[in-house]
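Down below is the structure, laid out as structure tokens.
Residue numbers start from 1 in every chain, and the chains themselves are labelled A, B, ... in the order their sequence lines are given, proteins ahead of strands.
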Number of protein chains: 2
Amino acid sequence: MDFFPLLQAPLFRGLTSSEIEKLMTSVPKKIRKFKAGSQVALAGEPVTSLMIVLSGTVSGEMVDYSGRVIKIEDIPSPGSLAPAFIFGSSNRFPVNVIAVAETELMVIDKRDFLSLLAKNEKILVNFLNMISDRSQFLSEKIKFLNFKTIKGKLAQLILQKASKDKDSLILDMTQNSLADFFGVARPSVARALGEMEEEGILDVKAGRIKILDRKRLAEYMSH
Amino acid sequence: MDFFPLLQAPLFRGLTSSEIEKLMTSVPKKIRKFKAGSQVALAGEPVTSLMIVLSGTVSGEMVDYSGRVIKIEDIPSPGSLAPAFIFGSSNRFPVNVIAVAETELMVIDKRDFLSLLAKNEKILVNFLNMISDRSQFLSEKIKFLNFKTIKGKLAQLILQKASKDKDSLILDMTQNSLADFFGVARPSVARALGEMEEEGILDVKAGRIKILDRKRLAEYMSH
DNA sequence: TAGAAATTGTAACATTTGTTACAATTTCAA
DNA sequence: TTGAAATTGTAACAAATGTTACAATTTCTA
């Protein structure tokens with residue numbers, strides 16, 4: 001089989017392709033294929049193995065009781081599905097997982113995976129890094145949800161993206177996906193953006209956002 | 001030294017005291033003592049070691065943008081400090097850590113800890129379980145924050161607690177801590193409880209809650 | 001037990017967000 | 001290029017929550 005996608009996978013960082021090949025041929029594993037739109041896993045279903053996205057993309061989504069879908073995150077190749085749920089006391093998928101494109105997954109049983117971790121320290125460190133990063137991501141997410149107002153969430157998102165570049169940035173999300181991401185209604189996002197533009201804080205043009213008043217934008221995160 | 005507190009520590013679950021003693025005498029470690037009220041770690045400071053609370057209690061606190069201090073959680077003996085931040089790409093304390101009482105910490109350097117993990121599979125699994133549990137806790141928290149209405153959050157909390165017992169339960173939290181937990185204003189909690197009582201769904205008396213209409217209570221989680 | 005402190009109940013009004021609906025604009029594909 | 005589909009802008013009104021203030025009640029403590 002082709003181990004090339006694994007070279008890019010976080011779990012195998014720092015390993016050469018021959019090392020990977022040697023390790024992987026000795027580990028029992030399966031390949032599973034999914035068509036775009038098909039269900040990969042249901043929330044609540046047991047997680048009994050490590051799954052690595054070899055090609056394609058899956059998406060983790062939550063459904064609240066009113067049927068609204070809240071997208072939690074996309075996992076493109078070569079990421080892993082729910083690595084933080086293989087161990088721990090619950091061992092169940094926290095979200096529904098959908099293939100958003102034609103997708104190939106490599107599946108390694110938990111027991112086999114454990115012996116792989118014990119066998120190779122690089123892989124062990126990589127895995128510890130992965131699930132630790134996961135916690136760190138969730139902590140960020142919570143910080144995010146705790147911003148009460150939509151303008152606060154927008155300010156947080158915009159300042160986070162802008163700090164890397166300059167005062168101009170591109171939000172490559174539609175208002176709809178923004179609304180899903182925040183867990184709010186779409187027209188409310190439009191209104192918030194419109195108002196911040198009126199207030200002279202932002203300049204929004206065709207998905208490109210320009211920060212006009214950084215100070216007042218940051219203030220929206222405080223109250 | 002006295003290894004007794006470690007017997008109770010999640011990291012050493014399933015090990016006998018003689019196994020622990022044997023392992024620990026071969027691992028470089030330090031004991032650090034803190035007086036009540038003293039700073040154990042600053043938010044943003046690098047996490048370079050595993051720290052286990054042998055005695056006493058530490059508390060994680062966050063400072064928001066307006067300077068207000070928000071207590072995140074207490075870690076009593078025999079818990080660990082920020083185990084999910086030893087590895088991962090950030091490696092920095094997410095919160096300020098304060099000793100709330102006279103406290104003793106056992107400190108094991110990251111490198112030494114890693115060799116301990118590689119040496120003993122039980123400890124490895126325990127640690128994987130610990131940081132995975134952390135992720136799972138955070139996921140729960142997120143699910144919770146996603147309930148939009150206060151009545152929905154209340155319904156979720158009450159039904160979660162009640163399912164174990166009967167239709168009667170005790171919320172051992174004041175309205176104030178409930179409000180903090182939900183991230184809402186205190187009078188809003190009082191109003192929501194009052195309204196649900198008026199609607200004949202709950203009976204609230206001195207902290208003891210009785211569910212009168214389970215069906216309509218559950219409906220509040222849906223919309 | 002008496003007074004202080006904390007908790008709870010309640011009200012009026014302001015603010016934010018949701019809901020629904022529709023028009024304007026942009027993007028995409030035949 | 002043109003029509004369909006998706007995205008965005010906007011408005012009116014409803015619902016939920018916040019804010020502030022104060023009284024009533026309960027719990028703690030000297």
I'd like a table of atom pairs between the protein and nucleotides 7-9 of chain C - only N or O on both sides, under 3.5 Å - with the distance next to each one.
{"from": "C:dT8", "atom 1": "OP2", "to": "B:Q175", "atom 2": "N", "distance (Å)": "2.6"}
{"from": "C:dG9", "atom 1": "OP2", "to": "B:Q175", "atom 2": "NE2", "distance (Å)": "2.6"}
{"from": "C:dG9", "atom 1": "N7", "to": "B:R186", "atom 2": "NH1", "distance (Å)": "3.2"}
{"from": "C:dG9", "atom 1": "O6", "to": "B:R186", "atom 2": "NH2", "distance (Å)": "3.0"}

* To do: Ignoring the backbone of B:T149, work out which of D:dT19, C:dG18, D:dA16 is nearest its side chain.
  => D:dA16
* Between B:E198 (CD) and C:dT10 (C1'), how many Å, whole number? -> 11 Å
* Asked: Can you check the B:E195 CD to C:dT10 P distance for me, whole Å?
  -> 11 Å
* Whole-Å gap separating P (D:dT20) and CZ (B:R191) -> 14 Å
* Structure fact -> Students should find that the end-to-end axis angle of the helix from C:dT1-D:dA30 to C:dA30-D:dT1, with five pairs defining each axis and rounding to 10 degrees, is 50°
* To do: Could you tell me whether the side chain of A:I209 reaches within less than 4.5 Å of the side chain of A:D203, counting heavy atoms only?
  => no
* Asked: Do other residues, nucleotides or ligands put more than 12 heavy atoms under 6.0 Å from the NZ atom of B:K210?
  -> no
* Between D:dT26 atom C1' and B:R208 atom CZ, what is the distance in whole Å? -> 16 Å
* Take B:D172 and B:R208 through the salt bridge (charged side-chain N to carboxylate O under 4.0 Å, His left out) test and state the conclusion after the steps. => CA-CA 9 Å; B:D172 48 358; B:R208 168 168 274 110; over 6 Å; no
* So, A:E45 and A:R92, do they make that salt bridge, N to O below 4.0 Å? -> no
* To do: Could you verify whether a donor N or O on one side chain and an acceptor N or O on the other, from B:S177 and B:T174, lie under 3.5 Å apart?
  => yes
* Using the ring of each side chain (for Trp, its six-membered ring), is B:F87 parallel, tilted or perpendicular to B:F113, with breaks at 30° and 60°? -> tilted
* **Rounded distance (Å) that lies between atom P of D:dA16 and atom CD1 of A:I150** => 16 Å
* Asked: Would you say A:D109's side chain and A:S49's backbone share a donor-acceptor pair under 3.5 angstrom?
  -> no
* Asked: Roughly how many Å is it from CG in A:D180 to P in C:dG18, rounded to a whole number?
  -> 12 Å
* A:T103 side-chain N/O to A:A101 backbone N/O, donor-acceptor pair under 3.5 Å -> yes
